[in-house]
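The analysis underlying the following values was restricted to heavy atoms, covering all of them including side chains, and did not include hydrogens, waters or symmetry mates. Computed from a prediction, not measured in an experiment: that's the story for all the values here.
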Amino acid sequence: MKYPIACAMATLLLGGCASFSPDGGFDTVTSATRDRLGKDTRIVRTDADVAALAGTLAPLLATPLSVDSAVQIALLNNRGLQATYQRLGVAEADLVQAGRLQNPRFGFKRSHEGSDVLVDRSLTINLVNLLTAPLATRIESRRFEQTRLQVADAALTVAADTRHAYYGALGAAQQRTYARQVSDAAEAGAELGTRMAKAGNWSTLDMAREQSFHADAITRLAMADKDVLASREKLVRLLGLDSASAFTLPDRLPDLPVAAIALKQVDQIALRERLDIQAAKLQLQATAASLNLTRSTRFVNALEIGGVRNSASGNPPETGYELSLEIPLFDWGTARVAKAEATYMQGVHQLADTAIAARSQARESYGNYRVSYDLARHYRDQVMPLRKRISDETMLRYNGMLMSVFELLADAREQSGAAHGYIGALKDFWIADSDLQAALGGRLPSAPDGEKK
Amino acid sequence: MNSRRNFLSGSVATMLGAALVTKAGAASLPEAPLQSSAATMPPLMPPNGRPYNPVVTLNGWTLPWRMKDNVKEFHLVAEPVVREVAPGMTANLWGYNGQSPGPTIEVVEGDRVRIFVTNKLPEHTSIHWHGQELPNGMDGVTGLTQPGIAPGKTFVYEFIARRPGTFMYHPHADEMVQMAMGMMGSWVTHPKNPAQHRVDRDFVFLLNAYDIEPGARVPKVSTMLDFNLWTFNSRVFPGIDPLVVRQGDRVRIRAGNLTMTNHPIHVHGHSFEVTGTDGGWVPATARWPEVTTDIAVGQMRAIEFVADAPGDWALHCHKSHHTMNAMGHNVPTMIGVDHSGVAQKINALVPDYMVMGDKGGSMGGMQMPLPENTLPMMSGDGPFGDIEMGGMFTVLKVRTGQARNDYKDPGWYKHPPGTLAREWTGPMPAADAAKAPPADVNTLDVKRGSMPGMHH
Ligand SMILES: [Cu+2]
């Protein structure tokens with residue numbers, strides 16, 4: 001103990017000095033990602049950490065990414081998240097700092113009064129600090145706890161964003177396949193149309209019409225390429241990778257689960273499970289605590305207790321105590337209290353607002369999840385079989401010379417268009433699934449069983 | 001062919017329309033025989049009344065009657081029917097007594113005829129006796145000469161068949177729908193003297209047309225001209241039975257046209273004379289020889305010839321699209337279009353795709369799956385391969401050994417040696433085939449180049 005007096009007093013008041021925890025508050029984050037995502041996360045500090053991380057990532061990147069491996073990579077490798085993790089260190093330092101008393105101040109003054117030499121020495125301790133240290137420690141520990149929740153929540157958010165981006169990138173890649181098929185069908189039609197015109201069977205108008213289908217299909221293919229690029233780069237950023245070619249994606253989105261999850265009172269689940277709400281609650285408690293502090297210290301603005309020992313040369317030294325108490329004459333501290341009260345009420349409303357938003361978001365996410373599921377299933381069970389049926393029937397009509405090859409090609413274009421729509425619906429479902437998980441604070445109560453090929 | 005095998009084997013079922021009429025009426029209402037087969041039925045020898053030489057209705061039958069107080073009484077029931085258009089395709093039509101067209105009515109000049117007509121259709125109907133000279137109130141025009149026969153009601157028509165000849169019957173109520181749905185039948189009034197106009201084989205059928213979308217069963221009643229099934233008695237080739245005759249027979253073919261366009265009916269191997277028109281029998285001195293006779297809309301023609309040439313002779317409408325079954329009327333011509341490379345591209349997208357039509361319309365015996373309830377555009381197996389025909393096409397089979405009243409299909413004709421077209425296997429002339437001029441590229445370029453402000 002470097003400061004025996006202070007620490008003696010602090011020990012008296014606090015029963016011990018605040019010190020740095022072995023995990024730096026990170027266990028909240030790891031238990032959150034483990035419990036809610038089934039994934040690990042680590043703070044990367046040292047070169048050894050970097051090397052270990054590379055070793056962990058390599059096998060995950062060696063095979064086509066699953067959504068789980070994408071989330072795992074992001075939790076370990078997302079640099080923004082690593083930056084957020086450092087907030088824990090800052091918050092913990094604040095907590096430790098709060099628990100420590102201000103160093104006593106030693107003052108020394110030597111002056112001349114004519115021939116007299118006056119020497120002032122003082123040793124002062126900030127009494128307020130001493131008195132308020134327990135309160136401040138409590139506040140800071142709440143803030144630290146809040147920071148831990150916020151950081152854990154940030155990890156969950158990165159996980160949710162990653163899932164989102166993963167399905168976006170996968171869906172876009174798959175949709176491009178169908179855009180290419182549409183383009184191929186249109187290209188074959190355009191080429192055949194050109195040959196029809198060359199053989200004298202078709203007019204320039206008919207030929208131009210087929211060529212125009214192709215030209216349109218090319219523009220849509222280019223737009224699909226843009227979607228693929230943008231969605232893949234978004235995923236790259238979340239995974240914290242240096243290059244878009246650092247990973248491969250599977251060929252297709254996971255199948256639709258056999259059934260949608262049926263949940264009751266999703267808003268209650270959200271209030272119970274969401275870390276951002278827990279953090280907001282802690283913040284309000286902290287605000288409340290600081291309001292009490294402000295109330296109790298409104299007149300004790302600069303209460304100082306000091307050991308005074310003045311000595312003038314030639315005179316016996318003057319010893320005694322000095323106490324200053326603010327007289328609430330001009331400033332009754334009401335402004336400070338009002339401000340604190342307002343700040344508290346602000347927090348109350350903010351918490352209510354956060355809770356209302358979270359509940360609403362949970363309900364909306366769940367509704368969106370169910371509708372997305374129904375829509376994707378409708379595509380799978382109705383739209384696609386009907387498109388297939390139309391294609392089969394079109395083929396039969398081509399066989400009977402009831403329809404032309406151009407109708408076959410037009411049908412191939414339409415079928416690809418429907419497949420494009422189905423992939424979009426399936427992608428939207430998985431994104432809705434991710435959003436619902438995020439809105440309910442992590443893992444869904446009973447996980448869907450469709451995440452298989 | 002199913003219908004040919006069934007030839008002469010069909011039977012007439014009977015039913016009583018009593019449920020539809022009052023008890024008082026039921027006592028006096030003749031039976032309404034029902035036909036379930038679309039095969040050609042043997043001629044109905046008249047069991048009573050005046051004698052006559054009966055006709056053979058192609059893929060049809062003659063309606064039996066009863067004599068009551070010297071009146072021939074028939075009972076027609078107008079009702080929905082399922083008609084086999086050809087093996088492999090059925091149509092949901094409206095007809096009479098189980099079939100469309102309805103049964104042929106055969107009477108003798110001077111017969112008093114009473115016809116009960118029961119309506120089992122969902123809407124009112126009537127029957128117009130096309131070509132008959134009868135009291136105005138028996139003419140069957142709804143609104144004009146009678147009220148419509150409401151569903152469930154029975155009307156009775158009565159008149160004397162005054163003039164011998166070939167006639168038709170069909171509704172004159174909601175005709176656009178009822179004719180498009182197959183409501184029609186043939187009527188033959190035989191001469192009093194059976195020796196007059198006597199022939200050995202007397203065939204009758206109606207020309208009709210339907211528009212049935214491949215895969216569907218009910219005709220599109222609003223189609224005006226673009227029909228896809230051109231039929232003899234609601235049958236298409238290869239569902240139309242052959243006209244089987246004995247060599248030397250005098251043959252009559254009577255046809256009435258209830259479609260919306262004319263049909264030039266053409267007979268191979270023989271020249272014939274038009275002996276009957278809507279107005280009656282043509283005097284011998286006014287007949288002219290033909291190999292094709294055009295039967296206009298709403299007309300009837302009787303042609304006659306002596307079947308002196310043995311063989312399998314085509315008999316068909318000469319409008320080439322009328323000897324086709326359902327086909328795409330907007331399918332672009334693919335003749336001469338190079339498919340190299342493109343076909344593979346299309347195959348990548350449509351795996352079952354096969355190039356068709358680049359060498360013409362003939363499918364060279366390709367058997368490919370078709371939509372349900374439709375027929376190949378052209379088909380029918382002949383002794384030398386595909387008979388690339390459908391629609392209004394059949395075969396006149398003239399045989400030496402055919403028995404007098406035998407209508408059974410004798411099989412394919414055996415050509416005597418030296419009477420069959422054959423491949424030339426001798427030397428070919430040395431001269432090169434004339435080369436086609438190259439495509440008119442230069443002309444096109446000149447035209448383009450001469451246009452001001454145009455850039456290549
Ligand atoms: Cu014709």
If one checks every heavy atom of A:M196 against chain B at 4.5 Å, the contacting part turns out to be both

Please round to the nearest 0.5 Å and tell me the distance separating atom CZ of A:F406 and atom CD1 of B:I346. 7.5 Å

If you count the non-hydrogen atoms of other residues, nucleotides and ligands that lie under 6.0 Å from NE2 in B:H268, is the total more than 12? yes

So for A:L409, is it side chain, backbone, both, or neither that comes closer than 4.5 Å to the heavy atoms of chain B? side chain

Is it the case that over 12 heavy atoms from other parts of the model lie below 6.0 angstrom from the CZ atom of A:R380? yes

On a heavy-atom basis, the closest approach of B:P369 and A:N399 is O-ND2, 2.7 Å

Interatomic spacing from CE in B:M377 to CE in A:M401 - rounded to 0.5 Å: 5.0 Å

Would you say A:R195's side chain and B:D338's backbone share a donor-acceptor pair under 3.5 angstrom? yes

Quick one: closest heavy-atom pair of B:I335 and A:A199, and the distance? O-CB, 4.4 Å

Output for pair (B:T374 OG1, A:L402 CG), nearest 0.5 Å, gives 6.0 Å

Relative to chain A, which segment of B:H339 carries a heavy atom at a distance below 4.5 Å: side chain, backbone, both, or neither? both

Which atoms of A:A412 approach chain B - backbone, side chain, both or neither, heavy atom under 4.5 Å: side chain

Once you round to the nearest 0.5 Å, how far does CG of B:D352 lie from CG of A:D392? 8.0 Å

I'd like to know if the side chain of A:N201 and the backbone of B:G336 have a donor-acceptor N/O pair within less than 3.5 Å. no

Go through A:E187, A:R397, A:Q181 and name the one with the most non-hydrogen pairs under 4.5 angstrom from chain B. A:R397

Residue part contacting chain B, namely of A:Q415, when any heavy atom lies under 4.5 Å: neither

Can you tell me how far CG of B:N330 sits from OG of A:S404, rounded to the nearest 0.5 angstrom? 9.0 Å

Could you please spell out the steps behind the side chain to side chain contact (heavy atoms under 4.5 Å, CB included) verdict for B:M356 and A:Y398? CA-CA 9 Å; B:M356 285 197 295; A:Y398 173 76; 3.4 Å; yes

Show your working on side chain to side chain contact (heavy atoms under 4.5 Å, CB included) between A:M395 and B:V350 and close with a plain yes or no. CA-CA 9 Å; A:M395 189 69 221; B:V350 189; 3.7 Å; yes

I'd like to check A:V405 versus B:M334 (side-chain heavy atoms, cut-off strictly below 4.5 Å). Are they in contact? yes

B:S340 portion near chain A, given a 4.5 angstrom heavy-atom threshold: both

